[in-house]
Amino acid sequence: MSTALASRIQQARIAAGYPTPDAAAIVLAMNPEVYRGHEQGRHKVKPAEVKRYAETFRVTTGWLSSGIGLGPVG
């Protein structure tokens with residue numbers, strides 16, 4: 001998985017106000033280990049997960065996927 005994608009997931013989570021990966025995993029109703037794997041670049045992120053992260057963290061899927069578009073504010 002792209003380390004750039006992993007970094008953007010982390011940036012978006014923090015900007016959205018979730019202080020830890022586990023806090024985000026709870027809101028997303030996901031296994032925390034899976035979420036941490038996405039944020040650390042250890043697990044592949046499926047397109048449906050990118051969409052879910054973008055909606056939860058209030059960024060565009062384009063930014064999350066490629067860095068192009070509306071990223072986190074704050």
Side-chain angles (χ1 to χ4, degrees):
M1 182 183 113
S2 164
T3 56
L5 173 58
S7 177
R8 285 190 297 275
I9 292 170
Q10 182 181 42
Q11 290 172 41
R13 171 191 47 88
I14 293 167
Y18 300 101
T20 65
D22 288 0
I26 289 168
V27 169
L28 291 159
M30 320 181 55
N31 179 321
E33 183 60 31
V34 171
Y35 178 80
R36 284 191 302 270
H38 290 164
E39 208 175 271
Q40 295 169 358
R42 293 183 288 117
H43 298 295
K44 182 177 179 182
V45 182
K46 298 174 186 171
E49 292 165 327
V50 170
K51 182 179 179 194
R52 189 170 167 200
Y53 292 158
E55 290 170 353
T56 301
F57 301 149
R58 299 181 304 276
V59 296
T60 64
T61 55
W63 180 82
L64 206 52
S65 297
S66 67
I68 298 170
L70 184 61
V73 177

Would you say Val27 and Val45 are hydrophobically clustered, going by side-chain heavy atoms of ILVMFWY under 4.5 Å?
-> yes
Output for pair (Leu64 CG, Leu70 CG), nearest 0.5 Å, gives 11.5 Å
Taking C-beta and beyond as the side chain, do Met30 and Tyr53 meet within less than 4.5 Å on heavy atoms?
-> yes
Which atom pair, heavy atoms only, marks the closest approach of Gly41 to Ala6?
-> N-CB, 3.6 Å
Give the ring-plane orientation class for Phe57 versus Tyr18, where under 30° counts as parallel, over 60° as perpendicular and anything between as tilted.
-> tilted
Is Glu33 salt-bridged to Arg36, cutoff N-O under 4.0 Å?
-> yes
Over all atoms of both residues, closest heavy-atom pair of Val59 and Ala12 = CG1-CB, 4.1 Å
Measure across Ala54 and Thr61 and return the closest heavy-atom pair with its distance rounded to 0.1 Å.
-> CB-CG2, 3.7 Å
Roughly how far, to the nearest 0.5 Å, is OG1 of Thr20 from OH of Tyr35?
-> 9.0 Å
Look only at the side chain of Ser7 and the backbone of Thr3, and say whether a donor-acceptor pair between them is shorter than 3.5 Å.
-> no
Gly17 to Pro19 - nearest heavy-atom pair and separation = O-CD, 3.3 Å
Rounded distance (nearest 0.5 Å) linking atom CD of Glu39 with atom CD of Gln11 | 10.0 Å
To the nearest 0.5 Å, atom CD of Glu49 lies from atom NE2 of His43 at 10.5 Å
Is there a chain of hydrophobic side chains (I, L, V, M, F, W, Y, each step under 4.5 Å between heavy atoms) that links Ile14 to Ile9?
-> no
